[in-house]
Novice: 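Sharing a structure here in structure tokens format.
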Amino acid sequence: MPTLQWLTREADLQAADAVPYRLLHADPALSGGDPASGNMLIQGDNLDALKALLPYHRGAVKCIYIDPPYNTRSAFEHYDDNLEHSRWLAMIYPRLVLLRELLAEDGSIWVSIDDNEGHYLKIVMDEVFGRRNFITNVIWHKMFSVKNSAQHFSEDHDYITVFAKNAEAWRPNELPRSEKQDAMYKNLDNDERGPWTSGDFSARNFYGSGTYPVTTPSGRTIAGPPPGMYWRFSEAKLEELKADNRIWWGKDGSGVPRLKRFLSEVKGGRVPQTIWQHADVGHTQEAKKEVVALNSEDVFGTPKPERLMQRILHIATNPGELVLDSFLGSGTTAAVALKMRRRWIGIEMGKHAVTHCKPRLDKVIAGERGGVSEAVGWTGGGGYRFYRLGAAVFDADGRIADGIAYATLAAHIWFSETGTPWSGHAVAQSAPSCAAPPPPAQEGRRSPSPSELGEEEVRSPVLGVHDGVAYALLYNGILGDRSVSGGNVLTAALLQRLRAESGWNGPMTVYGEWSKLGAARLAAARVTFKQTPYDVRAR
């Protein structure tokens with residue numbers, strides 16, 4: 001597959017791996033509504049924030065929407081949209097790599113872009129997500145009037161580039177049918193199956209059995225299909241359709257055959273199309289009015305209307321599923337996700353995470369009636385936790401930093417060993433099976449946010465079982481041991497306790513300060529011992 005070359009490409013390919021894992025510190029004073037809702041508003045660099053989310057949400061995000069800087073050779077107050085081309089690619093590539101890791105197997109990513117970088121974005125996303133997982137480019141007609149001041153053309157549209165994590169697994173939700181579409185169905189012959197419409201019985205695709213003559217109910221003989229066309233069905237199939245009253249011959253029974261399609265048999269909705277008119281999903285002026293109505297200081301050059309985001313989330317998600325926007329901007333994605341009862345994570349670097357995103361979301365929680373509120377029946381509720389990025393979990397040499405809490409280190413160890421998010425709970429004492437903890441994307445289950453993984457949540461040093469191996473962490477006196485090292489040393493008695501508490505007798509990997517069991521005893525017990533901090537690495 002062809003790849004795109006730019007000045008710093010080789011370094012940018014490794015940039016995501018080089019990003020340190022950072023702590024996420026919750027700020028209760030800035031959180032809004034019900035903090036137990038699982039929603040997260042994060043202030044900080046989105047590259048660092050995406051890396052910090054991996055141990056908790058890898059593979060759990062059903063829909064990612066981002067509206068990155070377009071590189072339009074103009075500058076905005078709150079972020080630089082005047083990046084040189086190589087710098088733009090250096091910015092977007094590692095973020096796409098981390099976003100792919102966070103995306104669920106049946107999830108999709110939607111990226112707003114224009115012609116300045118859109119074609120290059122497609123090539124980069126082909127590389128990161130796989131060309132076979134490209135879904136489409138949606139064309140959003142964003143302007144409701146011609147821009148006569150344009151030098152060459154009035155640029156009336158943006159693109160939304162859509163990729164799936166796995167195109168074979170991803171299926172879009174259908175859009176609701178309109179009254180206008182249903183009105184096309186009539187019942188001209190009082191068919192007991194109800195209203196119907198008719199379609200061509202012929203097509204241009206070659207069909208060897210599709211060139212026979214047809215006799216109409218009135219007795220007229222039609223020598224064959226129209227020139228250059230073929231009947232869609234064989235003569236025998238036509239006789240079956242006639243017997244089932246599925247052919248329409250016109251009011252006088254002498255017309256060219258047409259195939260009847262009944263409203264009762266069509267899908268409940270309609271397949272999404274790739275051209276979205278502003279009358280259906282909103283335009284830029286509508287978006288600006290929505291932002292100004294919530295905050296009189298309009299600092300965003302290109303906000304997106306709530307109706308556009310409603311269309312995306314309707315197609316890509318169901319209620320309760322997780323949505324992520326790492327270029328949150330004015331907060332539209334989070335606001336609409338909240339109104340549509342999706343869980344969400346929003347990331348914003350600048351001060352307007354506090355001055356704009358938070359006030360907007362607080363008003364939504366209070367029952368704000370603008371945007372799509374009426375259309376989705378929103379009356380208020382929900383909430384979020386506000387986070388800021390903290391110190392790195394690991395130092396420059398990859399060792400555990402001072403002051404790291406048990407739950408934080410446990411999440412990173414579980415993630416580094418299994419590549420999956422840690423649920424925050426040990427294996428059940430009565431369930432010595434090889435099953436991994438249920439993935440957070442399952443209905444009724446979500447991955448906890450970092451602040452929810454407090455020490456009181458950890459019931460056992462055994463973190464869980466994955467692919468037939470249990471993992472345990474002896475750290476920060478998790479056992480409440482008053483002895484030297486606080487129970488962080490693996491002994492025969494402690495191993496027996498770990499087995500008893502977890503109900504797991506299979507292979508086990510134990511992290512601790514050191515082990516009193518020799519290599520032979522560890523092998524006999526089917527235990528792999530790894531020493532903290534030396535054997536703990538950032539993934």
Side-chain angles (χ1 to χ4, degrees), residues 26-42 61-63 65 110 173-179 268-269 276 278-283 285-298 300 303-325 328-348 352-387 443-446 448-449 452:
D27 187 341
L30 290 175
S31 297
D34 176 13
S37 61
N39 301 319
M40 304 174 70
L41 175 57
I42 303 172
V61 181
K62 189 61 180 292
C63 173
Y65 170 80
W110 305 60
N173 292 325
E174 294 178 338
L175 296 173
R177 294 181 59 82
S178 66
E179 293 182 3
W276 294 1
H278 61 69
D280 299 320
V281 298
H283 47 74
Q285 286 301 110
E286 177 179 318
K288 289 183 178 181
K289 289 179 180 178
E290 290 173 350
V291 172
V292 171
L294 296 170
N295 192 318
S296 59
E297 183 187 359
D298 178 16
F300 302 100
K304 300 300 182 284
E306 288 198 7
R307 287 196 290 160
L308 177 69
M309 191 52 52
Q310 179 192 14
R311 169 73 63 88
I312 292 172
L313 296 188
H314 176 90
I315 293 172
T317 66
N318 296 305
E321 292 179 330
L322 184 58
V323 176
L324 168 64
D325 185 345
L328 190 58
S330 63
T332 302
T333 302
V336 176
L338 192 56
K339 293 178 182 182
M340 295 180 70
R341 294 164 179 82
R342 275 66 168 167
R343 294 183 295 116
W344 56 267
I345 299 172
I347 305 170
E348 248 310 312
H352 50 293
V354 176
T355 60
H356 289 78
C357 295
K358 173 180 168 51
R360 178 175 189 172
L361 294 169
D362 289 344
K363 289 177 181 178
V364 172
I365 292 169
E368 174 261 317
R369 302 302 299 161
V372 301
S373 293
E374 184 175 348
V376 300
W378 179 252
T379 58
Y384 62 92
R385 277 192 171 97
F386 190 98
Y387 293 87
E443 184 176 353
R445 181 71 174 251
R446 66 176 179 81
S449 56
E452 294 176 279

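Along the sequence shown, the residues carry numbers beginning at 1.
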Novice: Below 4.5 Å, heavy atoms only, C-beta onward: do V323 and K62 meet side chain to side chain?
Specialist: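 The answer is no, as the side chains (C-beta and beyond) never meet within the 4.5 Å cut-off.
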
Novice: Taking all heavy atoms of T317 and all of C63, pick out the closest pair and write down the distance.
Specialist: CG2-CB, 3.3 Å

Novice: Do NZ/NE/NH1/NH2 and the carboxylate oxygens of R360 and E306 come within less than 4.0 Å?
Specialist: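 Salt bridge flag = yes for E306 with R360.
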
Novice: Identify whether the distance between the nearest side-chain nitrogen and carboxylate oxygen of E321 and R343 falls below 4.0 Å.
Specialist: no

Novice: Just verifying a value: how many Å separate I315 CD1 and N173 CG, rounded to the nearest 0.5 Å?
Specialist: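 The CG atom of N173 is 8.5 Å from CD1 of I315, to the nearest 0.5 Å.
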
Novice: Give the minimum heavy-atom separation between G32 and D362, together with the two atoms involved.
Specialist: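 Nearest pair, atom of G32 first, then D362: CA-OD1, 3.9 Å.
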
Novice: Please examine the side chains of V354 and F386, heavy atoms only from C-beta on, and report whether any two atoms are closer than 4.5 Å.
Specialist: yes

Novice: Please check: side-chain N/O of K358 versus main-chain N/O of A353, any donor-acceptor pairing under 3.5 Å?
Specialist: no

Novice: Any idea which heavy atoms bring L328 and C357 closest together, and the distance?
Specialist: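 Scanning both residues completely, I find the closest heavy atoms to be CD2-SG, 3.9 Å.
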
Novice: For the side chain of R341 and the backbone of K339, is there at least one donor-acceptor N/O pair under 3.5 Å apart?
Specialist: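 Indeed, once roles are kept as given, a pair shorter than 3.5 Å links the two residues.
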
Novice: Quick one about S37 and R385 (side-chain donor to acceptor, distance below 3.5 Å, no hydrogens or angles considered), yes or no?
Specialist: no

Novice: How long is the gap from CE on M40 to OH on Y384, to the nearest 0.5 Å?
Specialist: 13.5 Å

Novice: Are a donor atom and an acceptor atom from the side chains of K304 and Y65 found within less than 3.5 Å of each other?
Specialist: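 The answer is no; no qualifying pair exists.
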
Novice: By side-chain hydrogen bond (donor to acceptor under 3.5 Å, both in side chains), which residues pair with W276, not counting sequence neighbours?
Specialist: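 Partners of W276 by the side-chain hydrogen bond (donor to acceptor under 3.5 Å, both in side chains) criterion come out as none, since no residue qualifies.
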
Novice: Of the non-hydrogen atoms in L338 and L361, which two are nearest, and what is the gap between them?
Specialist: CD2-O, 4.4 Å

Novice: What's the verdict on side chain to side chain contact (heavy atoms under 4.5 Å, CB included) for R342 and L322, showing C-alpha distance, side-chain angles and the deciding distance?
Specialist: CA-CA 6 Å; R342 275 66 168 167; L322 184 58; over 6 Å; no

Novice: Would L41 and I347 count as a side chain to side chain contact (heavy atoms under 4.5 Å, CB included) if you check the C-alpha gap in whole Å, the side-chain angles of each, and the deciding distance to 0.1 Å?
Specialist: CA-CA 6 Å; L41 175 57; I347 305 170; over 6 Å; no

Novice: I need the minimum non-hydrogen distance between L313 and T333, along with the two atoms involved.
Specialist: CD1-O, 4.5 Å

Novice: Can you find a side-chain donor-acceptor pair between H314 and Q310 that sits under 3.5 Å?
Specialist: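 No, Q310 and H314 have no side-chain donor paired with an acceptor closer than 3.5 Å.
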
Novice: Give the minimum heavy-atom separation between E286 and P305, together with the two atoms involved.
Specialist: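 Smallest heavy-atom distance, with atoms named: OE2-CB, 4.0 Å.
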
Novice: Between the side chains of E368 and K363, is the shortest nitrogen-to-carboxylate-oxygen separation below 4.0 Å, so that they form an ion pair?
Specialist: no

Novice: Can a donor-acceptor pair be found, under 3.5 Å and without considering hydrogens, that links the side chain of N39 to the backbone of W344?
Specialist: yes

